[in-house]
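Below is one structure, written out as structure tokens, with a few remarks after it.
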Number of protein chains: 4
Amino acid sequence: MMNRVILVGRLTKDPDLRYTPNGVPVATFTLAVNRSFTNQQGEREADFINVVVWRKPAENAANFLKKGSLAGVDGKIQTRSFDGQDGKKVYITEVVAESVQFLEPKGNSNSSPPKDDGNKRVNDDPFANGGTIDIQDDDLPF
Amino acid sequence: MMNRVILVGRLTKDPDLRYTPNGVPVATFTLAVNRSFTNQQGEREADFINVVVWRKPAENAANFLKKGSLAGVDGKIQTRSFDGQDGKKVYITEVVAESVQFLEPKGNSNSSPPKDDGNKRVNDDPFANGGTIDIQDDDLPF
Amino acid sequence: MMNRVILVGRLTKDPDLRYTPNGVPVATFTLAVNRSFTNQQGEREADFINVVVWRKPAENAANFLKKGSLAGVDGKIQTRSFDGQDGKKVYITEVVAESVQFLEPKGNSNSSPPKDDGNKRVNDDPFANGGTIDIQDDDLPF
Amino acid sequence: MMNRVILVGRLTKDPDLRYTPNGVPVATFTLAVNRSFTNQQGEREADFINVVVWRKPAENAANFLKKGSLAGVDGKIQTRSFDGQDGKKVYITEVVAESVQFLEPKGNSNSSPPKDDGNKRVNDDPFANGGTIDIQDDDLPF
DNA sequence: TTTT
DNA sequence: TTTT
């Protein structure tokens with residue numbers, strides 16, 4: 001059994017950072033990954049892939065990525081289901097990132113600096129880890 | 001922009017082979033990929049990932065894989081949407097396989113032989129191609 | 001910066017398990033991965049890829065894999081160099097496996113049972129972990 | 001049998017473009033891929049991975065990548081051997097790229113424009129293909 | 001509900 | 001023989 005996904009694309013919006021009742025950080029975002037070929041109308045389309053990240057990489061993603069950022073994701077496909085509001089089961093397929101890579105060049109944060117929305121700052125420089133936002137030993141305890 | 005998925009798992013059902021109006025073969029199946037860790041209840045869960053294959057590999061998948069077969073998939077994640085019966089947009093995330101690998105050992109087709117449901121036979125031995133079911137030059141013209 | 005390798009192939013020999021001076025297990029083996037295409041002479045060739053595994057997965061690989069076993073590897077490419085006996089630098093490219101997957105079907109250990117060469121037994125059934133031989137929390141402390 | 005490699009790193013030198021006696025373009029370059037962790041001395045090390053590309057993507061790589069460019073590679077590991085000058089067999093492990101991705105942002109070609117060393121120009125804008133440098137139908141015939 |  |  002093997003399950004591996006690698007993506008490079010651009011965030012369609014700022015990451016959404018939340019915390020579980022136990023205080024575990026979870027970030028979600030959507031990556032737009034342009035296809036390398038065009039459709040019959042000659043348009044280049046994209047796949048819009050939902051990504052979930054847990055723990056410290058979640059906080060790093062929230063701190064260093066924003067709408068339009070070029071990011072790499074290494075993780076797994078996960079499927080889950082829940083009961084929708086109309087009583088029907090909803091099936092979800094998403095990518096759980098094990099590491100998120102910040103691929104924007106150093107000076108290239110466009111116009112605005114990385115936003116600070118009040119989350120505690122975990123790491124001030126994504127390049128301190130070679131640009132990788134990885135699972136760390138000192139992550140929240142689970 | 002990069003988009004790559006590699007999976008190894010077991011088919012939950014026999015592949016479903018169809019043809020487009022232009023005669024292009026498309027097979028779909030679901031791969032159950034067991035996770036390497038267990039949940040809080042100590043149960044091992046699986047991800048159920050929908051896979052689409054086009055052209056000759058579709059026919060090969062239909063001919064050589066069946067419910068329970070161990071298979072490898074190398075492809076891309078694709079997202080698409082359509083309008084559901086209740087007027088709401090339905091969003092789909094699936095894997096488009098570029099190659100499908102038959103991983104069952106040679107003599108191990110369980111009890112029954114590979115089924116033959118009347119599709120024209122493209123290749124009588126998946127091992128003739130090292131077990132790979134790949135896109136071929138003589139695929140249908142598109 | 002991203003670095004990901006996924007392989008499925010067969011061991012060319014039994015894994016070689018050693019221990020560092022600090023007692024850390026390291027296993028090495030070579031995977032033969034048949035190519036999906038043939039050369040001009042119509043022969044199918046293979047790539048012979050050296051794989052290194054550390055810690056508990058190393059012991060699991062040594063216990064459950066042997067010459068001819070079908071195995072999956074998920075890891076990274078690593079390069080290193082050392083000074084050869086003739087004073088010239090030797091450059092090595094190999095795969096460091098983060099997880100090793102035992103893909104032989106359950107009853108299919110060919111003729112002989114998994115060998116036991118005196119290594120302490122860490123896990124008696126690779127399927128207890130869904131066939132995955134993964135890095136565990138109780139690995140040696142580094 | 002599966003064999004897949006995905007890399008993102010920086011070119012250590014300009015690509016080296018050559019042509020076979022039959023006129024088939026081949027480019028080679030080395031990708032420096034920084035590791036996400038540091039060694040015992042607290043230094044971040046890198047893996048230096050040799051990459052080979054054939055046909056049109058080779059020409060595109062030569063035209064759009066240079067020393068220091070951030071690039072993504074999707075391909076396979078290949079091993080081969082030849083007889084060294086001292087009569088001993090030399091074993092090579094390298095990556096054969098199926099597609100090469102130009103990840104430098106559009107305006108960020110540093111100081112100098114993409115070099116033109118006299119090769120016929122195949123494509124003037126790597127972004128015309130969404131930044132992908134892919135195998136095309138009109139490649140040389142093999 | 002989508003990015004450059 | 002190595003990149004930012």
Side-chain angles (χ1 to χ4, degrees), chain A residues 7-16 28-36 43-51 65-73 101-111 125-132, chain B residues 1-3 79-81 83 88-93, chain C residues 1-3 79-81 83 88-93, chain D residues 7-16 28-36 43-51 65-73 92 94 101-111 125-132:
Chain A
L7 303 171
V8 173
R10 293 189 181 278
L11 294 240
T12 61
K13 296 197 297 190
D14 287 358
D16 180 27
T28 54
F29 55 86
T30 298
L31 265 194
V33 183
N34 296 133
R35 298 180 183 161
S36 56
E43 308 152 344
R44 184 170 313 286
E45 293 174 336
D47 295 292
F48 297 94
I49 302 167
N50 295 321
V51 178
L65 299 175
K66 54 182 209 280
K67 181 177 177 177
S69 296
L70 187 68
V73 159
Q101 184 69 20
F102 183 66
L103 293 172
E104 230 45 82
K106 198 147 192 178
N108 201 51
S109 51
N110 294 325
S111 42
D125 181 8
F127 289 100
N129 191 21
T132 305
Chain B
M1 301 293 166
M2 306 183 81
N3 183 341
T79 60
R80 57 191 173 86
S81 64
D83 298 304
K88 292 201 302 191
K89 265 208 147 60
V90 182
Y91 292 90
I92 300 285
T93 299
Chain C
M1 302 293 164
M2 306 183 82
N3 183 341
T79 60
R80 57 189 172 87
S81 64
D83 298 305
K88 293 200 302 190
K89 266 209 146 61
V90 181
Y91 292 90
I92 300 285
T93 298
Chain D
L7 303 171
V8 174
R10 292 188 180 278
L11 294 238
T12 61
K13 295 197 300 190
D14 287 358
D16 179 28
T28 55
F29 55 85
T30 299
L31 264 195
V33 183
N34 296 132
R35 296 180 183 161
S36 56
E43 307 152 345
R44 184 169 313 285
E45 293 174 335
D47 295 293
F48 296 95
I49 302 166
N50 295 320
V51 178
L65 299 175
K66 55 179 207 282
K67 181 176 175 176
S69 296
L70 188 68
V73 159
I92 300 285
E94 63 208 350
Q101 185 68 18
F102 183 65
L103 293 173
E104 229 47 79
K106 198 147 192 177
N108 200 51
S109 51
N110 294 324
S111 41
D125 181 7
F127 290 100
N129 190 21
T132 304

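Numbers restart at 1 for each chain; the letters A, B, ... are given by sequence-line order, proteins then strands.
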From [options], nucleotide with atom closest to [X] side chain:
X: D:Ala32; options: E:dT2, F:dT3, E:dT3; result: F:dT3
X: D:Asn34; options: E:dT3, F:dT4, F:dT1; result: F:dT4
X: D:Arg10; options: F:dT2, F:dT3, E:dT1; result: F:dT3
X: B:Tyr91; options: F:dT2, E:dT1, E:dT3; result: E:dT1

Nearest-Å distance, [atom1] ([X]) to [atom2] ([N])?
X: D:Leu11; N: F:dT2; atom1: CG; atom2: P; value: 16 Å
X: D:Arg35; N: F:dT2; atom1: CZ; atom2: C1'; value: 13 Å
X: B:Lys88; N: E:dT1; atom1: NZ; atom2: P; value: 12 Å
X: A:Glu104; N: F:dT4; atom1: CD; atom2: P; value: 18 Å
X: A:Asp14; N: E:dT4; atom1: CG; atom2: P; value: 11 Å
X: A:Leu31; N: E:dT4; atom1: CG; atom2: P; value: 13 Å
X: A:Glu45; N: E:dT2; atom1: CD; atom2: P; value: 13 Å
X: D:Leu7; N: F:dT2; atom1: CG; atom2: P; value: 19 Å

C:Thr93 side chain near D:Asn50 side chain, heavy-atom distance below 4.5 Å: no
CE-CG distance between B:Met1 and A:Asn34, expressed to the nearest 0.5 angstrom: 4.0 Å
A:Glu43 with A:Arg35: basic N within carboxylate O range, under 4.0 Å: no
Side-chain ion pair, A:Lys67 and A:Asp14, N-O less than 4.0 Å: no
Sugar-phosphate only, base, or nothing, as touched by C:Lys89 at under 4.0 Å among non-hydrogen atoms: sugar-phosphate
